[in-house]
Amino acid sequence: MHFNTYEEALNWIHGTLRLGIKPGLTRMELLLEKLDHPEKKNRFIHIAGTNGKGSTLTFISSVLQKEGYRVGTFTSPYIETFNERIAINSLPISDADLIHLTNRIAPITEEIAVGEYGPPSEFEIITAMMFLYFAEFEKIDFGIIEVGLGGRLDSTNVLTPILSVITTIGLDHMEFLGDTIEEIAFEKGGIIKPSIPVVAGVLQDSVIETLEELAISRNAPFYLYKKDFVADKVEDKLLNYRDDFGELKALQIGLAGDHQIQNASVAICSLRLLEAEKWIHLSEEGLRGGLADAFWPGRLEKIAQNPTIILDSAHNPEGIRALIQTLQQTNSEKIVLLFSALLDKNYDEMIQEIQTNVDNVEFYLTTFDFPRAMAKKDVLEVAEKHNLTPVLDWKVFLEQISPELQETPLFITGSLYFISEVRKYLLEKTSTV
């Protein structure tokens, strides 16, 4: 098997998706052993959590880049192109390198597939490609790796990082991670390694207890939000921060939303610990500049000005509650909300949270072209159940409602995959005007 084009390589990678999610590390370890353990050849920061992983990664990466470091990142899902999942200093991997990596890894996956553990999954293959890329194709100073699902059995958990980060923990992916918040916390806490410091942004008492017990059992120093480090909102995108190293006032952050204060503070604590451990040089100028420059598409991103259209990646109840804070603070008599969710998400609770807590919302429910998205019949049924307005074609809806919005903001949310489609459509539409 040999791939000559980007399309051939990508089709092969996506073709492994049919194998589904296959928690466990054995196939991953076999794959990396045959690649001469690329996961051991760099310094990594490992990030788990229900929400906030991408934003926290962005803050850390932006500051490190401002200090002159070359930073590799591994994220999912992508917003615009598949390549952005593996990036260096925010530049996605090239098509040519993706083809080379696929040709390196495909024969090894076929060899493993006939063994007792079966074929590697899509995410295992992409994870292996990332480690190999950072080890052999492009030099990096640090890699920041986002967990795909859970932590303990996630494909990325083959690495030993210099720092572990756990952002938030909520009830999501319960079919894989457990029925209670404590069980999910145990799975996320699986990234905690012996003697490796942990920074946590979690808030629930039972979650804190679970993670602290894991950290103590592994002799891992544990730093907790609102205990070991604290951030206070000054105004929108402006915060004061303090920890045992001292206080920093009037820090500007590049990402909008009150929940980003928590994510930014987790990032700041992480960076200051890395400096204390002599892993990095960190100046106040670099810290301030990196936080202010941070950008992550689809996180309360204003994609259009006239009318105002804002995309947000909230895709579970915890994410929706963070979005609600912003909706409640929006200075507008009316808010239009276009929502679409995957069928395996708790969309009933997300819808009810918005309806209960936002009085001035005009709520529309739609679908989009994705295997796990609501079908049109689902949209009609769910819309009737919750007294929403169904929209069967979101592109037509945007065309029709845009002239009517004027001063009314339009928020689009419910699924990362959905806002990715909308973002691409709106940007292409803008570029042709």
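Sequence positions, counted from 1, serve as the residue numbers for this chain.
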Worksheet entry | Close side-chain approach of His46 to Leu163, heavy-atom, < 4.5 Å |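 Side chain of His46 against side chain of Leu163, heavy atoms only: no contact under 4.5 Å found.
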
Worksheet entry | Within-4.5 Å side-chain heavy-atom neighbours: Leu342 and Phe368 |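 Sidechains of Phe368 and Leu342: in contact.
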
Do you see a donor-acceptor pair shorter than 3.5 Å between the side chains of [X] and [Y]?
X	Y	value
Gln325	His259	no
Ser332	Glu407	no
Asn83	Tyr6	yes
Glu182	Ser206	yes

Discussion item. Using the rule given for ring-ring contact (aromatic ring centres under 6.0 Å, His included), can you reason through Trp12 versus Phe3, listing the C-alpha separation, both sets of side-chain angles and the distance that settles it, and then say yes or no?
Written reply: CA-CA 9 Å; Trp12 177 78; Phe3 307 103; 5.7 Å; yes

[Y]/[X] salt bridge by N-O under 4.0 Å criterion:
X	Y	answer
Glu349	Arg321	yes
Glu284	Arg288	yes
Arg372	Asp344	yes

Donor-acceptor pair, distance only, cut-off 3.5 Å: does the side chain of [X] make one with the backbone of [Y]?
X	Y	answer
Thr308	Ala304	no
Asp312	Arg299	no
Ser420	Leu416	no
Asn263	Thr56	no
Thr167	Asn51	yes

Those residues that, when tested against [X], pass ring pair (Phe, Tyr, Trp, His ring centres under 6.0 Å) (two or more places apart):
X	value
Phe131	Phe44
Tyr223	none
Phe295	none
Tyr69	Phe142

Discussion item. Quick check: closest heavy atoms across Thr408 and Val336, and the distance to 0.1 Å?
Written reply: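 Looking at all heavy atoms of both residues, the shortest contact is CG2-CG2, 3.7 Å.
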
Worksheet entry | Nearest atoms (heavy-atom pairs only) where Asn157 meets Gly190 |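 Smallest heavy-atom distance, with atoms named: ND2-O, 3.1 Å.
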
Worksheet item: Can you name the salt bridge (Lys or Arg N to Asp or Glu O under 4.0 Å) partners of Lys233, sequence neighbours left out?
Response: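 Scan of Lys233 (salt bridge (Lys or Arg N to Asp or Glu O under 4.0 Å), adjacent residues dropped) gives Asp236, Asp258.
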
Worksheet item: Are the ring centres of Trp394 and Tyr425 closer than 6.0 Å?
Response: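 Distance test on ring centres: under 6.0 Å, yes.
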
Practice prompt. Step through it carefully: locate the ring centre of Tyr347, locate the ring centre of Phe418, and say whether they are under 6.0 Å apart.
Written response: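 Between Tyr347 and Phe418, the centre distance exceeds or equals 6.0 Å.
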
Practice prompt. Start with the C-alpha gap between Leu291 and Ile268, add the side-chain angles, then the distance that decides, and say whether side-chain contact (heavy atoms from CB on, under 4.5 Å) holds.
Written response: CA-CA 9 Å; Leu291 292 173; Ile268 296 166; 3.8 Å; yes

Worksheet entry | Qualifying salt bridge (charged side-chain N to carboxylate O under 4.0 Å, His left out) pairs with a residue from residues 78-103, counting only residues at least two apart or across chains |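 The answer is Glu80-Arg423.
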
Fill in: Steps toward side-chain contact (heavy atoms from CB on, under 4.5 Å) verdict (Leu398, Leu426)
CA-CA 10 Å; Leu398 291 180; Leu426 290 175; 4.2 Å; yes

Item to complete: Verify the neighbour count for atom NE2 of His386: are there more than 12 heavy atoms of other residues, nucleotides or ligands below 6.0 Å?
Response: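 Yes, enclosed.
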
